[in-house]
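Computed from a predicted model, the values in this text were never measured in an experiment.
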Amino acid sequence: MPRLSEVISALDDLWPAERAESWDAVGTVVGDPDQEVTRVLFAVDPVQDIVDEAVKLGAGLLVTHHPLYLRGTTTVAASTFKGRVAHTLIKNDIALHVAHTNADTADPGVSDALAGALGLRVVRPLVPDPSDPEGRRGLGRVCELDAPVTVREFAARAAERLPATAQGVRVAGDPDAPVRTVAVSGGSGDSLFDHVRAAGVDAFLTADLRHHPASEFIADRAHSPLALLDAAHWATEWPWCELAAAQLDEISDRHGWDLRVHVSRTVTDPWTAHAASSRPTDTSGAPN
């Protein structure tokens, strides 16, 4: 069986830490480099439910997309929820490794997995990484559909193919407009609006779209008469877990490690319920 240091070295080859954003916190959070690893669990969030799942599974390594400590801390006391996560991991000899923005820009990365889940053909990065001479790495992806659909139909496809969440998929723009090209970005994507406009696509699917940026983007019809599709943050990033697990499976087979690689199906999206408006198509005005 491989040591943790060997598995981490393979993961670092997939998602080098130096390709993470300067503000990010990636890499190994807890773990003994010399411990043997037989099972690995992939998940989006390093929360207690996921750590408990890793304990039950007997995993020696948990790989998450989101960091446990994105900002500095002065305590890992078990009286805090993050401290409890750290204590549970250490007590059960489970290492935690994070691949965040270095996985976002990887080839393949988070947005490739999102595009694959939606049945899209990737054409190029939305925001190319200037350090990649082949032009394959970068944030987001510009994609094509095999055949045109309406915005309404594409939203229905996304709601069906992405993991189910209380939010579902929200749409801004003409639901009957045709969609041939799509930009996608797993996770929060409204900082990429300028790149989406420049890409000349028909729709942009991402997560965490805020009122004012989305309103201004849609109102600028002269420059960007395209649709916005807002899915749950967790749902847009979960497909990466399956992609990453498959990559580690291939590495394990190549090295003869015989790792057991798993993907958590636990929903860690924070929103748990949704109450639809009683008159969703009435735009005549707010109630008195």
Pairwise side-chain contact, His274 with Gln167, heavy-atom cut-off 4.5 Å (strictly under): no
Check: Val76 main-chain N/O paired with His87 side-chain donor or acceptor under 3.5 Å: yes
N/O donor-acceptor pair under 3.5 Å between Asp230 side chain and Asp208 backbone: yes
Gap separating the CD atom of Glu6 from the CE atom of Met1, nearest 0.5 angstrom: 12.0 Å
Sequence-distant partners of Asp52, salt bridge (charged side-chain N to carboxylate O under 4.0 Å, His left out), two or more places apart: none
Cluster overlap Leu4 with Leu68, hydrophobic side-chain contacts below 4.5 Å: no
Pairs touching residues 239-252 that satisfy side-chain hydrogen bond (donor to acceptor under 3.5 Å, both in side chains), sequence neighbours left out: Glu242-Arg265, Glu250-Arg254
Spacing of CZ belonging to Phe42 relative to CD1 belonging to Ile50, to within rounding of 0.5 Å: 13.0 Å
Linked hydrophobic residues, Val149 as query - side chain contacts closer than 4.5 Å: Leu114, Leu118, Leu120, Leu145, Val151, Phe154, Leu162, Val169, Val171, Val179, Val182, Val184, Leu205, Leu229
Extract all donor-acceptor atom pairs below 3.5 Å that involve side chains of residues 23-35 and protein atoms in other chains or at least two apart in sequence.
from: Asp24; atom 1: OD1; to: His100; atom 2: ND1; distance (Å): 2.9
from: Asp24; atom 1: OD2; to: His100; atom 2: ND1; distance (Å): 3.2
from: Asp24; atom 1: OD2; to: Thr101; atom 2: N; distance (Å): 2.9
from: Asp24; atom 1: OD2; to: Thr101; atom 2: OG1; distance (Å): 2.6
from: Thr28; atom 1: OG1; to: His97; atom 2: ND1; distance (Å): 3.0
from: Asp32; atom 1: OD1; to: Asp34; atom 2: N; distance (Å): 3.0
from: Asp34; atom 1: OD1; to: Arg3; atom 2: NH1; distance (Å): 3.4
from: Gln35; atom 1: OE1; to: Asp32; atom 2: N; distance (Å): 3.2
from: Gln35; atom 1: NE2; to: Gly60; atom 2: O; distance (Å): 3.2
from: Gln35; atom 1: NE2; to: Asp93; atom 2: O; distance (Å): 3.1

Main-chain N/O of Thr181 paired to Asp202 side chain as donor or acceptor, under 3.5 Å: yes
Heavy-atom donor-acceptor pair, His65 side chain to Ala99 backbone, under 3.5 Å: yes
Side chain to side chain donor-acceptor pair (under 3.5 Å) involving Arg124 - partner list, sequence neighbours excluded: none
Pairs meeting criterion ring pair (Phe, Tyr, Trp, His ring centres under 6.0 Å) with involvement of residues 163-200, two or more places apart: Phe193-Phe217
Side-chain donor/acceptor of Asp269 to backbone N/O of Trp271, under 3.5 Å: yes
Under 3.5 Å donor-acceptor, Thr206 side chain and Ser185 backbone: yes
Where at least one partner belongs to residues 153-162, residue pairs that pass side-chain hydrogen bond (donor to acceptor under 3.5 Å, both in side chains), sequence neighbours excluded: Thr150-Glu153
Side-chain ion pair, Asp220 and Arg197, N-O less than 4.0 Å: yes
Partners passing salt bridge (charged side-chain N to carboxylate O under 4.0 Å, His left out) against Asp253 (at least two apart in sequence or in another chain): none
Straight-line distance of Leu57 CG to Leu62 CG, nearest 0.5 Å: 10.0 Å
Straight-line distance of Leu96 CG to Thr88 OG1, nearest 0.5 Å: 12.0 Å
With sequence neighbours excluded, residues passing salt bridge (charged side-chain N to carboxylate O under 4.0 Å, His left out) with Asp12: none
Flag, side chain of Asp45 to backbone of Val47, donor-acceptor distance under 3.5 Å: no
Set of side chain to side chain donor-acceptor pair (under 3.5 Å) partners for Glu144, sequence neighbours left out: Arg121
Reported CG-to-OG1 distance for the pair Leu41 and Thr64, which is rounded to 0.5 angstrom: 10.0 Å
Check: Arg210 main-chain N/O paired with Asp190 side-chain donor or acceptor under 3.5 Å: yes
Straight-line distance of Leu228 CG to Ile218 CD1, nearest 0.5 Å: 4.0 Å
Residues, nucleotides or ligands: over 12 heavy atoms within 6.0 Å of Glu18 CD: yes
Those residues that, when tested against His262, pass ring pair (Phe, Tyr, Trp, His ring centres under 6.0 Å) (two or more places apart): none
Main-chain N/O of Gly109 paired to Asp112 side chain as donor or acceptor, under 3.5 Å: yes
Salt bridge (Lys or Arg N to Asp or Glu O under 4.0 Å) contacts touching residues 57-73 (sequence neighbours left out): none
